[in-house]
K.L.:
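If you scroll down you'll find the structure; I have some questions about it.
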Amino acid sequence: MLIMAEYLLYKCKKCGWEIAAPSDGSDMLMDSIVAYFVCHDCKSVFSRYYDLGTIVEGPISCPNCKGFSTENWKPADKCPECGGELENQGLYCLED
C-alpha cells in the first residue's frame with residue numbers, strides 16, 4: 001500500500017481548537033494536491049484541492065466569509081483563533 005497523505009490531529013493547548021491536517025499544511029495525493037489556508041478575517045482554516053499541474057494565481061477567497069485576507073497555513077503556525085501553540089495528538093487518518 002502506497003500512503004499518499006498522512007493526516008495528524010492537532011489541538012490548541014490554549015483554547016482547544018482542533019484540526020486534522022498534514023504536518024506541512026499541504027500534501028500530494030494520487031492525482032491532486034491539497035493545501036491549507038488561514039483566513040485572517042474570520043480566523044478559519046480551510047483546504048483546497050488542486051489538480052496536478054494547476055497554476056494558481058491571485059488571492060484565494062475564504063469559503064466561510066468570502067474574504068481575501070488569506071495565506072498558506074501549516075500546523076507549525078499558531079492557532080488561528082487564539083494564537084496558542086498547536087500540539088500534535090497523533091495519527092488521525094491516512095488517505096491514498
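Computation of the quantities below employed the complete heavy-atom set of this structure, encompassing side-chain atoms and omitting hydrogens, waters and symmetry-equivalent molecules. Just so we're clear, the structure is a prediction, and the values are computed from it rather than from any experiment.
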K.L.:
For residues Ser26 and Tyr36, determine if any side-chain heavy atom of one lies less than 4.5 Å from a side-chain heavy atom of the other.
P.N.:
no
K.L.:
Distance-only check: which donor-acceptor pairs under 3.5 Å involve side-chain atoms of residues 76-89, not counting sequence neighbours?
P.N.:
residue : atom : partner : partner atom : Å
Asp77   : OD2  : Lys74   : N            : 3.2
Glu87   : OE1  : Gln89   : NE2          : 3.3
Asn88   : OD1  : Gly90   : N            : 2.7

K.L.:
Once ring pair (Phe, Tyr, Trp, His ring centres under 6.0 Å) is applied, do any residues pair with Phe46, and if so which ones, sequence neighbours excluded?
P.N.:
Phe37
K.L.:
Compare every heavy atom of Ala35 with every heavy atom of Tyr50, then report the nearest pair and how far apart it is.
P.N.:
CE1-CB, 4.4 Å
K.L.:
Can you find a pair of side-chain heavy atoms, one from Ile19 and one from Trp73, that are under 4.5 Å apart?
P.N.:
yes
K.L.:
To check you understand the geometry: which heavy-atom pair defines the closest contact between Gly25 and Pro75, and what is its length?
P.N.:
N-CD, 3.9 Å
K.L.:
Show every donor-acceptor pair shorter than 3.5 Å between a side-chain atom in residues 58-70 and any protein atom, with sequence neighbours excluded, or say none if there are none.
P.N.:
residue : atom : partner : partner atom : Å
Asn64   : ND2  : Ser44   : OG           : 2.9
Lys66   : NZ   : Pro63   : O            : 3.0
Thr70   : OG1  : Ile60   : O            : 2.6

